[in-house]
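Remember, it's 1-based here, ligands and their atoms both numbered in the order they're listed.
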Amino acid sequence: MANHEVTRRKFMWSAGAVAGACALRPLHSPLTFGEFRLRQSYAGGNVPLRDRAEKKGLLFGSSAQQKEFVEDPALEAAFIAQCNILVPELALKWDHLRPTPETYNFAPVDWLLNFAQQNQMKFRGHTLVWQEALPTWFASYVTPQNAQPLLLNHIAKVVGRYAGKVHSWDVVNEVIWPQDRRSDGLRDSPWLRNLGPGLIEMAFRAAAQADPHALLVWNENWLEEESATGESKRAFLLQHLKDHLSRGVPIHGIGIQAHLIGDHSNIGGAHFKQFLNQITDMGLKILVTEMDVRDFRLPNDIGTRDKAVADRYYEFLHTVLAQKSTIAVLTWGLTNRYTWTAHNSPRADGAQVRPLLFDEDMNPTPAWSAVGRAFDDAPSR
Ligand code: XIL
């Protein structure tokens with residue numbers, strides 16, 4: 001690869017590129033970008049997270065859906081003020097993109113990409129290989145004979161369509177699952193059953209070919225616990241990364257989903273720190289891709305709950321941001337108005353869940369302040 005290409009890639013992946021774009025880009029939204037930003041005067045005169053992240057060379061953002069922006073101007077305004085990176089929560093998953101084996105539904109992705117570009121945000125792609133969110137036609141359609149062209153055509157078409165416009169792609173998602181008891185630790189998924197373990201290399205190489213400028217990410221859950229599960233997931237991931245990198249497979253970073261649990265104290269400990277060091281030593285970038293803190297086991301009292309959630313955000317991010325290879329933090333949703341944890345991890349007492357940075361009234365929560373402090377305390381990169 002030519003030197004200028006390396007430089008260009010580094011620039012595309014960094015927060016500096018966003019700051020640069022802000023200065024050059026004409027303003028298109030009905031309320032200008034600057035007006036939105038000026039409106040954000042939270043109690044205490046707090047500075048938006050995207051500014052505090054950018055100051056340290058970091059990206060901050062969240063997942064969202066088109067209909068949330070269309071139906072909820074308060075969410076739209078907060079997102080524009082706070083975020084310099086956006087990831088579609090659903091629109092790029094197979095079940096949303098592929099209504100039939102022959103057709104693609106790109107309209108919601110195009111809309112979200114345009115929204116990101118109009119508001120000086122980078123855009124993430126999530127995700128190409130995942131055992132969930134497969135279309136209803138998938139199970140009866142896929143065979144060991146057609147699985148390879150099915151996956152490769154999908155990657156060429158989807159990644160190719162957005163080439164040069166995507167900051168990073170979650171090429172594979174949750175492919176390690178030691179509980180399935182395979183000796184290689186890989187998940188016994190429909191993809192694996194039809195393609196074998198070579199599917200990871202196949203997917204990364206196809207993504208690199210379709211978009212040579214995107215950062216290609218291996219995204220995983222449950223990496224942060226000091227438990228047997230956490231240790232085993234980290235060990236298998238490190239082993240596969242070493243193996244793939246030694247064969248020149250274009251993997252550029254890892255995604256740590258970070259769906260944390262509010263009363264967990266066994267996260268982000270010594271083994272996790274050692275793992276982060278090993279990832280950094282391999283020359284890989286680190287992204288926190290889907291952070292939220294589930295409050296289903298915390299007491300009902302809102303003050304107690306919010307404090308525990310905020311503490312988890314700060315402790316975890318303080319640890320991950322200490323690594324200069326960490327380039328981005330994204331939460332899975334920005335406000336408690338829209339969070340998958342409401343259906344995935346509801347509270348037994350029926351109280352509304354509070355896992356994110358803005359509450360039902362779109363006021364910043366203590367978790368918002370905790371994330372801001374973690375950025376302020378992080379070293380520059
Ligand atoms: C979730 C969505 O937020 C939910 O709305 C959907 O029902 C299930 O998927 N890990 C991932 C995300 O990589 O894509 C998941 O998103 C949450 C867990």
Side-chain angles (χ1 to χ4, degrees), residues 61-69 71-72 75 79 83 85-98 105 108-109 112 123-136 138 154 158-159 166-177 179-180 186-187 189-192 199-200 203 207 215-225 229-230 233 237 253-262 264 267 286-296 312 316 328-346 352-358:
S62 183
S63 64
Q65 299 176 37
Q66 176 184 351
K67 74 173 167 61
E68 295 165 355
F69 289 133
E71 292 169 6
D72 191 339
L75 182 261
F79 210 100
C83 299
I85 187 163
L86 163 67
V87 60
E89 180 185 0
L90 305 172
L92 276 164
K93 292 171 178 173
W94 274 71
D95 58 350
H96 280 69
L97 261 184
R98 305 290 304 268
N105 176 24
V109 184
L112 286 165
F123 192 72
R124 299 203 71 234
H126 174 83
T127 177
L128 300 168
V129 175
W130 194 30
Q131 75 282 355
E132 290 182 33
L134 292 168
T136 46
F138 189 89
H154 180 88
V158 177
V159 178
V166 171
H167 168 267
S168 47
W169 266 106
D170 290 336
V171 177
V172 297
N173 190 30
E174 304 179 354
V175 290
I176 294 180
W177 196 243
Q179 289 87 329
D180 282 346
L186 294 180
R187 183 187 292 273
S189 73
W191 289 118
L192 188 102
L199 83 96
I200 296 169
L215 182 91
L216 302 182
V217 174
W218 183 320
N219 200 42
E220 281 295 338
N221 56 5
W222 298 113
L223 286 174
E224 57 283 329
E225 276 192 5
T229 312
K233 278 213 68 150
L237 177 56
I254 65 150
I256 301 175
Q257 288 187 1
H259 293 293
L260 307 188
I261 298 180
H264 266 191
I267 49 169
I286 297 171
L287 295 84
V288 176
T289 49
E290 307 181 15
M291 191 167 185
D292 49 24
V293 180
R294 287 172 276 174
D295 67 351
F296 63 111
R312 295 292 92 76
F316 182 78
V329 174
L330 290 97
T331 54
W332 205 243
L334 192 63
T335 155
N336 298 333
R337 284 182 184 180
Y338 314 106
T339 164
W340 77 303
T341 70
H343 54 89
N344 175 273
S345 311
Q352 209 209 337
V353 295
R354 301 175 65 83
L356 291 169
L357 310 192
F358 286 83

* Trp169 ring center near Trp218 ring center (under 6.0 Å) -> no
* Is a side-chain donor-acceptor pair under 3.5 Å present for Glu290 with Asn219? -> yes
* His126 and ligand 1 - part of the residue with a heavy-atom distance under 4.0 Å -> side chain
* **Verify atom 1 (C) of ligand 1: protein non-hydrogen atom under 4.0 angstrom away** => yes
* To do: Distance to 0.1 Å, residue and atom name: give those for the protein heavy atom nearest to atom 6 (C) of ligand 1.
  => Leu90 CD2, 4.3 Å
* Any atoms of ligand 1 less than 4.0 Å from a non-hydrogen atom of Glu89? List them with their elements. => 2 (C), 3 (O), 4 (C), 5 (O)
* **Under 3.5 Å: N/O of Lys93 near N/O of ligand 1** => yes
* Which of the atoms of ligand 1 are close to Glu290, meaning less than 4.0 Å from one of its heavy atoms? -> 10 (N), 11 (C), 12 (C), 13 (O), 17 (C), 18 (C)
* Mark up the atoms of ligand 1 that fall under 4.0 Å of a heavy atom belonging to His343, in ascending order. => 5 (O), 7 (O)
* Going by distance alone, is a donor N or O of one side chain under 3.5 Å from an acceptor N or O of the other, for His264 and Arg312? -> no
* Asked: At a 4.0 Å cut-off, with the gap strictly under it, does some heavy atom of Glu174 reach an atom of ligand 1?
  -> yes
* Could you give me the CA-CA distance, side-chain angles and deciding distance for Asp292 and Thr341, then say whether side-chain contact (heavy atoms from CB on, under 4.5 Å) is met? => CA-CA 9 Å; Asp292 49 24; Thr341 70; 3.5 Å; yes
* Return the orientation label for the Trp332 and His126 ring planes: parallel under 30°, perpendicular over 60°, tilted otherwise. => perpendicular
* Structure fact -> Tightest non-hydrogen contact, residues Thr127 and Asp170, listed as OG1-O, 2.8 Å
* For ligand 1, does Asp170 get within less than 4.0 Å through its side chain, its backbone, both, or neither, judged by non-hydrogen atoms? -> neither
* Asked: Any side-chain donor paired with an acceptor under 3.5 Å for Trp130 and Glu174?
  -> yes
* Backbone or side chain, does any N or O of Trp332 fall under 3.5 Å from an N or O of ligand 1? -> yes
